[in-house]
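The next block holds one structure in the form of structure tokens; read it before the comments.
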Number of protein chains: 2
Amino acid sequence: MMLPMARAATTSDVFNAIAEPQRREILVLLRTGERPVTELAQELGMTQPGASKHLRVLREVGLVRDRRAGKQRLYGLDARGLRPIHEWTGGFERFWNESFDRLDAYVQDLKQARQEE
Amino acid sequence: MMLPMARAATTSDVFNAIAEPQRREILVLLRTGERPVTELAQELGMTQPGASKHLRVLREVGLVRDRRAGKQRLYGLDARGLRPIHEWTGGFERFWNESFDRLDAYVQDLKQARQEE
DNA sequence: TTGACGCATGCCTATATCGGCATATGATGC
DNA sequence: GCATCATATGCCGATATAGGCATGCGTCAA
């Protein structure tokens, strides 16, 4: 009896964590410094539980760290996890330039063909 | 009557497209050249429909292009869409270095504190 | 100890996929 | 047209979230 294999467990990986727009906003905001959840939620127009949940995901993949500060809990950026992604995409740098060239060549070909009609 | 708002529509955005490990494998493989779906599926150990579906997502966000070649359909890389991601993560470069420094300083502090015990 | 405050969690609903499978669609050659 | 090969799609089952809301839990101050 073969059970249908469902979606792969992509949770807890950095690519997945930054696939969410709001989580990216959080990371960007945290570049300007540590913040408690409530302030963060307010600045980004999300509910406190919503912000907490996103922060949890970010913390689980190591993109943010938290430390207690009195009654509050301050969240801060730990961007090291973004480096692998930067490098992975960087592995295509040669190709996106190449793509431009090819597209350009293609466009030139079209123009050429037109004039010869 | 307030309907619960579900998951945001993140479909059709590049961040989401590359969040899937198999799709990343496809992109990496395509760096070595165009390929028909079947060959691609075979090389990556996935089913043909599976490969087709992933390619569809990649095509919808513009990361691959296809062109007909006789009976086959060749898929090729169009890496330009990866550039924004490279740049977005690059915006954190300063911070991941800084993080390293801080971590290092933290470790030094610990060592210092130990010796002074 | 008891509020009050700040934040994390649990529960629920709606949805978005992923994978497997069968099958429709398309193009080719006879 | 028809058989055949190459791909794309549809359907289904199982899961993974995202958001809203209410509530639990921990910390601090009086």
Side-chain angles (χ1 to χ4, degrees), chain A residues 1-27 29-30 34-61 63-76, chain B residues 1-26 30 34-61 63-76:
Chain A
M1 170 177 164
M2 195 68 167
L3 288 183
M5 205 171 296
R7 165 179 226 179
T10 51
T11 316
S12 296
D13 104 309
V14 183
F15 280 95
N16 186 64
I18 67 167
E20 233 291 327
Q22 306 216 68
R23 286 198 284 265
R24 290 200 296 277
E25 288 183 44
I26 290 178
L27 293 177
L29 184 54
L30 288 182
E34 294 179 320
R35 271 176 185 69
V37 184
T38 315
E39 193 180 319
L40 214 153
Q42 200 174 358
E43 295 186 89
L44 296 180
M46 22 196 284
T47 64
Q48 174 268 309
S52 270
K53 286 172 185 172
H54 283 311
L55 284 169
R56 180 192 174 115
V57 174
L58 291 173
R59 188 179 34 192
E60 285 177 348
V61 302
L63 287 174
V64 302
R65 289 167 175 285
D66 63 296
R67 69 182 178 88
R68 310 209 54 100
K71 209 185 286 188
Q72 299 185 323
R73 179 179 291 248
L74 295 181
Y75 279 90
Chain B
M1 171 177 160
M2 194 69 165
L3 287 183
M5 204 172 296
R7 168 179 223 179
T10 52
T11 317
S12 296
D13 103 311
V14 183
F15 280 95
N16 185 63
I18 67 165
E20 234 289 329
Q22 305 217 69
R23 287 198 284 264
R24 290 200 296 276
E25 288 183 44
I26 290 177
L30 288 182
E34 293 179 321
R35 272 177 185 67
V37 184
T38 315
E39 192 179 320
L40 214 153
Q42 200 174 357
E43 295 187 89
L44 294 179
M46 23 196 285
T47 64
Q48 175 269 308
S52 270
K53 286 174 186 172
H54 282 311
L55 283 169
R56 181 193 174 114
V57 174
L58 291 172
R59 188 179 34 192
E60 284 176 350
V61 301
L63 286 176
V64 302
R65 289 168 174 284
D66 64 295
R67 70 182 178 86
R68 313 210 51 102
K71 208 184 288 188
Q72 299 184 325
R73 178 179 291 246
L74 295 182
Y75 279 90

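Fair warning: this is a prediction, and the values are worked out from it, not measured in the lab. Quick note on labels: first sequence line is chain A, next is B, and so on, each numbered from 1.
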Result for 5'-nearest mapping on DNA chain D, choosing between G70(A) and T47(A), is T47(A)
Please report the distance, rounded to the nearest Å, between [atom1] in [X] and [atom2] in [N].
{"X": "L44(B)", "N": "dC18(C)", "atom1": "CG", "atom2": "C1'", "value": "16 Å"}
{"X": "D13(B)", "N": "dA16(C)", "atom1": "CG", "atom2": "C1'", "value": "13 Å"}
{"X": "R23(A)", "N": "dA16(D)", "atom1": "CZ", "atom2": "C1'", "value": "11 Å"}
{"X": "Q22(A)", "N": "dG20(D)", "atom1": "CD", "atom2": "C1'", "value": "13 Å"}
{"X": "F15(A)", "N": "dA16(D)", "atom1": "CZ", "atom2": "P", "value": "21 Å"}

For nucleotides 3-11 of chain D, 5' to 3', base contacts (B), sugar-phosphate-only contacts (S) and non-contacts (-) with protein non-hydrogen atoms under 4.0 Å give --BSBBBBB
Taken in chain and number order and not counting sequence neighbours, the residues that satisfy side chain to side chain donor-acceptor pair (under 3.5 Å) with R24(B) are none
Sorted by chain and residue number, the salt bridge (Lys or Arg N to Asp or Glu O under 4.0 Å) partners of R67(A) (sequence neighbours excluded) come out as E34(A)
With sequence neighbours left out, the residues meeting salt bridge (Lys or Arg N to Asp or Glu O under 4.0 Å) with R23(A) are none
Does OP1 or OP2 of dT28(C) have a side-chain N or O of R68(B) closer than 4.0 Å?
no
Could you pull out all donor-acceptor pairs under 3.5 Å where a side-chain atom in residues 39-49 of chain B meets a protein atom, sequence neighbours excluded?
residue	atom	partner	partner atom	Å
E43(B)	OE2	R35(B)	NE	2.5
T47(B)	OG1	G50(B)	N	3.1
Q48(B)	NE2	S52(B)	OG	3.2

| request: Take I18(B) and V61(B) through the side-chain contact (heavy atoms from CB on, under 4.5 Å) test and state the conclusion after the steps. | output: CA-CA 10 Å; I18(B) 67 165; V61(B) 301; over 6 Å; no
The side chain to side chain contact (heavy atoms under 4.5 Å, CB included) partners of R59(B) (sequence neighbours excluded) come to R56(B), V64(B), D66(B), R73(B), Y75(B)
